[in-house]
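Read through the structure below, which is laid out as structure tokens, and then see the notes.
Every chain is numbered from 1 and lettered A, B, ... according to where its sequence line falls, protein lines coming before strand lines.
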Amino acid sequence: MPELPEVETVRRGLAPALENATLTAVQVRIPKLRWPLPPDLAERLIGNRVERLTRRAKYLLVHMSDGCVVIIHLGMSGHMTVWPEDAPTPGRHDHIDFVTDAGAVIRFTDPRRFGAVLLDHADTIDDHKLLSKLGPDPLSNQFNAEELARRLKGRSSPIKAALMDQRIVAGLGNIYVCESLFRSAISPKRKSGTVQGKRAEALTAAIRGVLADAIAAGGTSLRDHVSPDGTLGYFQHQFSVYGRQGEACPGCTCDIEKTGGIQRLVQAGRSTFYCSRRQR
DNA sequence: CGGCAAACCTGCGAGC
DNA sequence: TGCTCGCAGGTTTGCC
């Protein structure tokens, strides 16, 4: 499910229930997600206060008052919901409950179990194996056309693959890469190294714009994504190309018979959607 | 280092 | 109705 906008939606939804709350119980009902859960997770968190909830790329970081940091990744199908009181009986994919002193239950659900919940410490978090190699967050000041161009320079791989690589820019996934390439009129097959100058500027602006629009829409709800209060995102209604193969390109005025409409191809094992006429 | 397929899981829709 | 197949928002790992 979750790319940057969905994770940011989750962060914003969880913050009111978690920030400044003390955890009174942590119920872990599964031994492992993507990796084994820290055996001392509950022990380390109970009685501890949540100071801040932040996001790094697609990772949620829960900063505790004693310096410990909970790293949460939602994988493909993870979501988190807040129950202010009386949470329902956990279902088979409801793996972890965090209970606050206000009586709220913050529940981690993940059918495919590609997600992760790990522990680290504020002093070492930047060096954590999963975080240390991440590229700039596309909404931060570290991300701009010059920086993106520099990171793409000399690369022969297709731009689609480079944007999916979290070391180049961190937070995009399949949907937002497709949509950003469409907005900047760049072919997903274009060699990364040729995205310089004006193209890098257009791509940077497109990525920022797509992400901002998606966050404003509460993310994309195709199957699993719901915000912590249970509401659905609606950015899927604004897709230009994702999942729209065979449909008319929203940017082309000419006959769909001539253009073939939106195409689908597979790159590095993932579906790419694009308009071959508009995107070069 | 680059690039790709496989692996980790469950669920859903399409087609037979 | 029920089976099989392909596909799904991610990321790591291992192989060439």
Side-chain angles (χ1 to χ4, degrees), chain A residues 1-11 29-37 55-60 71-80 91-95 108-118 128-135 138 151-181 188-193 207 210-211 213-215 217-227 232-246 264-273:
Chain A
M1 153 191 69
E3 304 180 37
L4 188 154
E6 290 74 41
V7 179
E8 179 60 19
T9 299
V10 170
R11 190 194 69 77
R29 289 180 283 267
I30 197 172
K32 71 184 281 277
L33 290 162
R34 166 139 208 181
W35 294 288
L37 291 161
R55 178 187 57 73
R56 175 76 176 98
K58 303 176 194 173
Y59 293 89
L60 275 175
I71 302 171
I72 300 176
H73 195 287
L74 300 174
M76 286 280 260
S77 60
H79 59 267
M80 300 190 76
R92 90 170 171 120
H93 301 308
D94 296 330
H95 305 309
F108 180 98
T109 305
D110 184 8
R112 291 178 74 178
R113 285 180 267 144
F114 288 176
V117 174
L118 300 169
H128 192 280
K129 193 187 168 192
L130 295 175
L131 306 180
S132 62
K133 292 191 180 137
L134 292 174
R151 286 169 177 267
L152 295 175
K153 199 166 186 179
R155 292 195 161 246
S156 59
S157 61
I159 186 67
K160 163 82 188 305
L163 294 178
M164 295 289 286
D165 185 340
Q166 305 295 300
R167 294 169 301 184
I168 307 270
V169 50
L172 302 178
N174 209 28
I175 291 177
Y176 298 112
V177 166
C178 291
E179 294 295 317
S180 298
L181 287 171
K189 296 193 273 192
R190 172 174 282 279
K191 279 189 178 165
S192 301
I207 289 170
V210 165
L211 294 179
D213 290 351
I215 290 171
T220 293
S221 292
L222 291 182
R223 175 156 296 137
D224 297 303
H225 171 65
V226 287
S227 82
L232 298 173
Y234 53 89
F235 188 72
Q236 64 277 12
H237 303 304
Q238 295 173 50
F239 287 170
S240 295
V241 289
Y242 187 85
R244 295 191 176 278
Q245 71 271 36
R264 175 183 179 270
L265 75 139
V266 175
Q267 293 177 291
R270 308 294 299 275
S271 291
T272 300
F273 302 92

Task: Separation between the P atoms of C/dT11 and B/dC12, rounded to whole Å - done: 23 Å

Open item on the list: So, does A/Gln166 get its side chain near the phosphate of C/dG10, meaning an N or O under 4.0 Å from OP1 or OP2?
Closed with: no

Task: Shortest side-chain distance from A/Arg155, nucleotide among C/dG9, B/dG2, C/dA8 - done: B/dG2

Open item on the list: Checking contacts here: which listed nucleotide (C/dG9, B/dG3, C/dG10) is nearest the side-chain heavy atoms of A/Ser156?
Closed with: B/dG3

- [ ] Starting from C1' on B/dC1, measure out to CZ on A/Arg151 and report it in whole angstrom.
- [x] 16 Å

Open item on the list: With a 3.5 Å limit on both atom pairs, tell me what C/dG9 is paired to, counting Watson-Crick and G-U wobble, or say none.
Closed with: none

TODO: Taking atom P in both B/dA5 and C/dG6, compute the distance separating them and give it to the nearest angstrom.
DONE: 16 Å

Task: Nearest-nucleotide pick for A/Arg264, side chain only, options being B/dC9, C/dA8, C/dG9 - done: C/dA8

Task: Shortest side-chain distance from A/Arg223, nucleotide among C/dG9, C/dG10, C/dT12 - done: C/dG9

Open item on the list: Looking at C/dA8, I'd like to know if its phosphate oxygens (OP1 or OP2) sit under 4.0 Å from a side-chain N or O belonging to A/Ser271.
Closed with: yes

Open item on the list: Roughly how many Å apart are C/dT12 and B/dG11, using the C1' atom of each and rounding to a whole number?
Closed with: 23 Å

- [ ] Would you check if the distance from the ring center of A/Tyr176 to the ring center of A/Phe235 is below 6.0 Å?
- [x] yes

TODO: Give the nucleotide from the list C/dT12, C/dG9, C/dG10 with an atom nearest to the side chain of A/Lys58.
DONE: C/dG10

Open item on the list: In this structure, how many angstroms lie between the C1' atom of C/dG9 and the NZ atom of A/Lys160, rounded?
Closed with: 12 Å

Task: Nearest-neighbour nucleotide for the A/Arg92 side chain, C/dG9, B/dT10, C/dT13 considered - done: B/dT10

TODO: Respond yes when some side-chain nitrogen or oxygen of A/Lys133 is under 4.0 Å from OP1 or OP2 of C/dT12, and no when none is.
DONE: no

TODO: Using whole Å, report how far CD of A/Gln245 lies from P of C/dC7.
DONE: 11 Å

Task: Nearest-angstrom distance from the residue atom NZ of A/Lys129 to P of C/dT11 - done: 14 Å

TODO: Take A/Lys32 and A/Ala268, find for each the nucleotide of DNA chain B with the closest heavy atom, and name the residue whose nucleotide sits nearer the 5' end.
DONE: A/Ala268

Open item on the list: Ring-plane angle category for A/Phe108 and A/His95, please: parallel below 30°, perpendicular beyond 60°, tilted otherwise.
Closed with: tilted

Open item on the list: From the set B/dT10, C/dT12, B/dC4, return the single nucleotide nearest to any side-chain atom of A/His93.
Closed with: B/dT10

Open item on the list: Taking A/Gly91's backbone N and O only, do any of them form a donor-acceptor pair with A/Asp94's side chain (distance below 3.5 Å, no angle check)?
Closed with: yes

Task: Whole-Å distance separating the CD atom of A/Glu6 from the C1' atom of C/dG10 - done: 12 Å

Open item on the list: Quick one: does any side-chain atom of A/Gln236 pair with a main-chain N or O of A/Ser221 as donor and acceptor, under 3.5 Å?
Closed with: yes

Task: Comparing A/Gly269 and A/Arg113 on DNA chain B - which has the more 5′ nearest nucleotide - done: A/Gly269

Task: Minimum side-chain heavy-atom gap A/Tyr242-A/Glu179 below 4.5 Å - done: yes

TODO: Dump the intermediate steps for side-chain contact (heavy atoms from CB on, under 4.5 Å) on A/Val177 and A/Glu3, then the final yes or no.
DONE: CA-CA 10 Å; A/Val177 166; A/Glu3 304 180 37; 5.9 Å; no

Open item on the list: Is a donor from one side chain sitting under 3.5 angstrom from an acceptor on the other, for A/Lys191 and A/Ser156?
Closed with: no

- [ ] Could you please name the partner base of B/dC9, counting Watson-Crick and G-U wobble pairs only when both distances are under 3.5 Å?
- [x] none

- [ ] Send over the distance from A/Gln267 CD to C/dC7 P, rounded to a whole Å.
- [x] 15 Å

Task: Base B/dC9 paired with A/Arg112 side chain (donor-acceptor, <3.5 Å) - done: yes

Open item on the list: Side-chain N or O of A/Ser157 versus OP1/OP2 of B/dG3: is the shortest distance under 4.0 Å?
Closed with: yes

Open item on the list: For C/dT11, is there a stacking contact with A/Phe114, counting only centres under 5.5 Å and planes under 30°?
Closed with: no

Task: Short side-chain N/O contact to C/dG9 OP1/OP2 from A/Tyr176, under 4.0 Å - done: no

Open item on the list: Taking the minimum atom-to-atom distance to the side chain of A/Pro111, which one of B/dC8, C/dG9, B/dG11 wins?
Closed with: B/dG11

TODO: Starting from P on B/dG2, measure out to CD1 on A/Ile168 and report it in whole angstrom.
DONE: 8 Å

Task: Rounded distance in Å - CG (A/Asp165) to P (C/dG10) - done: 13 Å

